[in-house]
Number of protein chains: 2
Amino acid sequence: MNVAANNRAVYPASAGEPSAGLDRLDRIGAIRHLAPHESLALEGDSANRFHRVLSGTVAGYKATADGRRQIVAFFFPGDLVGLTTGEHYAYGAEAVGRASVCSVPRARMRELSRQSPALHEDLLLALDREIAAAQERLLWLGRKTARERLACFLLECADRTGEPGEDGRQSVPLPMSQLEIGDYLGLASETVSRALASLARDGAIDILRPFAGVVIRDRRRLEATTDEGAHPPRACS
Amino acid sequence: MNVAANNRAVYPASAGEPSAGLDRLDRIGAIRHLAPHESLALEGDSANRFHRVLSGTVAGYKATADGRRQIVAFFFPGDLVGLTTGEHYAYGAEAVGRASVCSVPRARMRELSRQSPALHEDLLLALDREIAAAQERLLWLGRKTARERLACFLLECADRTGEPGEDGRQSVPLPMSQLEIGDYLGLASETVSRALASLARDGAIDILRPFAGVVIRDRRRLEATTDEGAHPPRACS
DNA sequence: CGACTGCTTGAGTCTGCTCAATAAAGGTGG
DNA sequence: CCACCTTTATTGAGCAGACTCAAGCAGTCG
């Protein structure tokens, strides 16, 4: 069995070093500022433009008829929202807190990507990462406990947006509410609160008060929590 | 709120009418026959070729260190397995029952897709569908009950591989075991069995004995079960 | 015709949800 | 700048859906 390195999604270069190919999009798109919870697109809308996050955070979500909601992805600065070849958006998108995006007409983008192989390559990579991320999260939602999901989530955020702090402790700002974290992880907000408290109790993290993120105090321990198993320490067969 | 039509993934043309662009792949790839549970690729393997399913079914999966498994996708004839721009496979793949695939070196494919816009277009579409499918399933795993997941799954299979039978009842062969269905839906196999029995008791489906699929007896009812809510019929606010 | 694998069904347990009450922040307007 | 109101987080109690463990029963394949 080979599961060693692949249990967390990898985001080579989303926030840190925005790729040269994508950067040119920022110059041709229309900038739009979003208030907290303002909608960028609805699920099923015809998809004639897509967006690149400039600042803040955007959540992509799906919902059931009776109001249950599942956040399908968080988009941070540099990420592309609404990538699809299809006619309609597969998910709705709204701002988490204040945010700004740059909207590019899909037609214009196609044209550009035909001209620039670099841009084209970057788009494929972005699609690829979106698939990998979604599938990674299928494992979380299908097979992991609340504590494990939280640990995975915090490590993901740390790798994507966390500040360096390579002395063992790393500050991880979390712009979204615990309810939104719950909608991302398939948990009730109360469970998120409890799981966070539990991780803090174990000394893996410190919770910022008032809640605005966490500090990873013991990354090793957090990584271990990523796969600790549902039941108490049960031996491997 | 607009959630009407988008709660199930749509697979425009996977089995029925394989696209002309992709078909040419079958001529240049090496055909490989797989025994039940034979592995096609391991998670993390370097991804130098990908595969098109010719017959049978292939499962793509991820696993945790302690052996829990999540099937990320089922691939039916005509589907592409292991599409990625990245260096390594994001998931392992193995045959469900007997299967055959056609393996194409990635390098060769790149070349072809540069020459043929039709093929290129088809590949983008396939990627797109893979994303949409994965995200759809995030909603299932994060927010739906066992019965709901089963109903969604059966409808998905019906739309992808089911035989016509548009007189209200449709035969849906299920080549995979209930354990595998469980690994796909994030459920224990016993729960799958119970949920199936429950749907049959409600008259939505008939279960083929010995287990090899179901017959959709009342599609309407099955679709309703797709979103019935965790708790007993609770009114919408 | 056995041995094995896969499905069914039951009993009991547990994780995570719901409901509820309280507390702490943040935003607003006087 | 403060009182007020809203939103978000915390914590407890109880419930329930799904899991585990276990036994029994086909059906299949050597």
Side-chain angles (χ1 to χ4, degrees), chain A residues 35-37 66-70 96-98 140-150 174-201 205-214 225 228-235 237, chain B residues 35-37 66-70 96-98 140-150 174-201 205-214 225 228-235 237:
Chain A
H37 295 115
D66 57 345
R68 286 171 285 172
R69 198 171 83 133
Q70 175 66 44
V96 168
R98 202 176 300 283
W140 300 4
L141 299 195
R143 290 306 185 200
K144 298 208 172 189
T145 65
R147 258 176 67 104
E148 290 174 330
R149 291 182 210 182
L150 240 303
L174 297 174
M176 67 294 284
S177 72
Q178 295 190 11
L179 192 146
E180 286 165 323
I181 295 177
D183 280 346
Y184 184 65
L185 298 178
L187 300 170
S189 71
E190 296 93 326
T191 305
V192 171
S193 177
R194 280 187 254 262
L196 280 172
S198 159
L199 289 175
R201 216 175 303 123
I205 60 172
D206 287 322
I207 302 174
L208 299 181
R209 308 289 181 185
F211 183 78
V214 302
T225 308
E228 62 193 358
H231 274 294
R234 184 179 47 174
S237 54
Chain B
H37 295 113
D66 57 346
R68 285 171 284 173
R69 199 170 84 136
Q70 174 66 43
V96 170
R98 203 177 299 282
W140 300 4
L141 298 196
R143 291 305 184 200
K144 299 209 172 186
T145 66
R147 258 177 68 103
E148 290 173 329
R149 292 182 211 182
L150 241 302
L174 296 174
M176 66 294 284
S177 72
Q178 294 190 12
L179 192 146
E180 287 165 324
I181 297 178
D183 280 347
Y184 185 65
L185 298 177
L187 300 170
S189 70
E190 296 93 326
T191 306
V192 172
S193 176
R194 281 186 252 261
L196 280 172
S198 160
L199 290 174
R201 216 176 301 125
I205 61 173
D206 287 323
I207 302 176
L208 300 181
R209 309 288 182 188
F211 183 78
V214 302
T225 308
E228 64 193 357
H231 274 293
R234 186 178 45 177
S237 58

I'd like to check A/Phe211 versus A/Leu174 (side-chain heavy atoms, cut-off strictly below 4.5 Å). Are they in contact?
yes
Answer with base, sugar-phosphate or nothing: what part of the nucleic acid does B/Gly186 contact at a heavy-atom distance below 4.0 Å?
sugar-phosphate
Could you state the atom-to-atom distance from CG of A/Leu150 to P of C/dT15 in whole Å?
16 Å
Closest-nucleotide ordering on DNA chain D, the 5'-leading residue of B/Ser189 and A/Arg209:
A/Arg209
Quick one: does any side-chain atom of B/Gln70 pair with a main-chain N or O of A/Trp140 as donor and acceptor, under 3.5 Å?
no
For the side chain to side chain contact (heavy atoms under 4.5 Å, CB included) test, which of B/Gln178, B/Arg149, B/Glu180 pairs with B/Val192?
B/Gln178
Whole-Å gap separating P (D/dT8) and CD (A/Glu180)
8 Å
On a plain distance test, is the side chain of A/Arg149 in donor-acceptor contact with the base of C/dT15 below 3.5 Å?
no
Take the protein atom CG of B/Leu187 and the nucleotide atom P of C/dT15, then report the distance between them rounded to whole Å.
18 Å
So does B/Ser193 get a side-chain nitrogen or oxygen closer than 4.0 Å to the phosphate oxygens (OP1/OP2) of C/dT8?
yes
Which whole-number value in Å describes the distance from B/Leu208 CG to C/dT8 P?
11 Å
Nearest-angstrom distance from the residue atom CD1 of B/Ile207 to P of D/dA26
16 Å
Given that A/Val192 and A/Pro210 both sit by DNA chain C, which one's nearest nucleotide is further toward the 5' end?
A/Val192
Closest to side chain of A/Ala146, choosing from C/dG6, C/dG16, C/dT18:
C/dG16
In this structure, how many angstroms lie between the C1' atom of D/dA18 and the CG atom of B/Leu196, rounded?
15 Å
For the side chain of A/Arg194, starting at C-beta, report the closest nucleotide among D/dA13, D/dA18, C/dC7.
D/dA13
Check the pair A/Thr191, A/Leu185 against side-chain contact (heavy atoms from CB on, under 4.5 Å), reporting the backbone distance first and the verdict last.
CA-CA 10 Å; A/Thr191 305; A/Leu185 298 178; over 6 Å; no
Starting from P on C/dC19, measure out to CD on A/Glu190 and report it in whole angstrom.
10 Å
Picking from C/dT8, D/dA18, C/dC7, which would you name as closest to the side chain of B/Phe211?
C/dC7
Would you check if B/Leu141 and A/Arg143 make a side-chain contact, meaning some heavy-atom pair closer than 4.5 Å?
no
